Amino acid sequence: MRYLILAAVLFAATPALADNDPNRPTDRIAADLGIGEAVFIACFKPVNPEPSKYPSGAQQRANKAILLPCLQQANPAITNDRLDAVMDKYRPEGAFRQ
């Protein structure tokens, strides 16, 4: 019983992360963008993050073409620059754009 309680506590304390990019806290990203976490996760699902963490310009544009319009449906105030700033804030290796 003790192990079950410990497992439940650890699970509850783990931050929510995107399935295809487990390094970013979706709850905090969504809050910074002014949208619900479920919306961010749904919009991020079709995005293909670069495993090496340094996507090419073409890959960045392709991912942004998927992600930004989806997020803007939930919050039209999200701009390209705002999305970049928020995503860079939570990028484990630090800001990609300097």
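By convention here, the first residue in the shown sequence is residue 1. This structure is a prediction, so every number in the text was calculated from the model and none was measured.
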#### Entry: Contacts of Asn80 that satisfy side-chain hydrogen bond (donor to acceptor under 3.5 Å, both in side chains) - sequence neighbours left out
Lys64
### Query
Would you call Thr26 and Phe44 a side-chain contact if the rule is heavy atoms closer than 4.5 Å?
no
### Query
To the nearest 0.5 Å, how far apart are CE in Met87 and CD1 in Ile29?
4.5 Å
Show which side-chain atoms of residues 65-74 pair as donor or acceptor with protein atoms under 3.5 Å away, not counting sequence neighbours.
| unit_1 | atom_1 | unit_2 | atom_2 | d |
| --- | --- | --- | --- | --- |
| Gln72 | NE2 | Ile78 | O | 2.8 |

### Contacts of Ala77 that satisfy side chain to side chain contact (heavy atoms under 4.5 Å, CB included) - sequence neighbours left out
Asn75
### Summary
Taken in chain and number order and not counting sequence neighbours, the residues that satisfy side-chain hydrogen bond (donor to acceptor under 3.5 Å, both in side chains) with Asp32 are Lys89, Tyr90
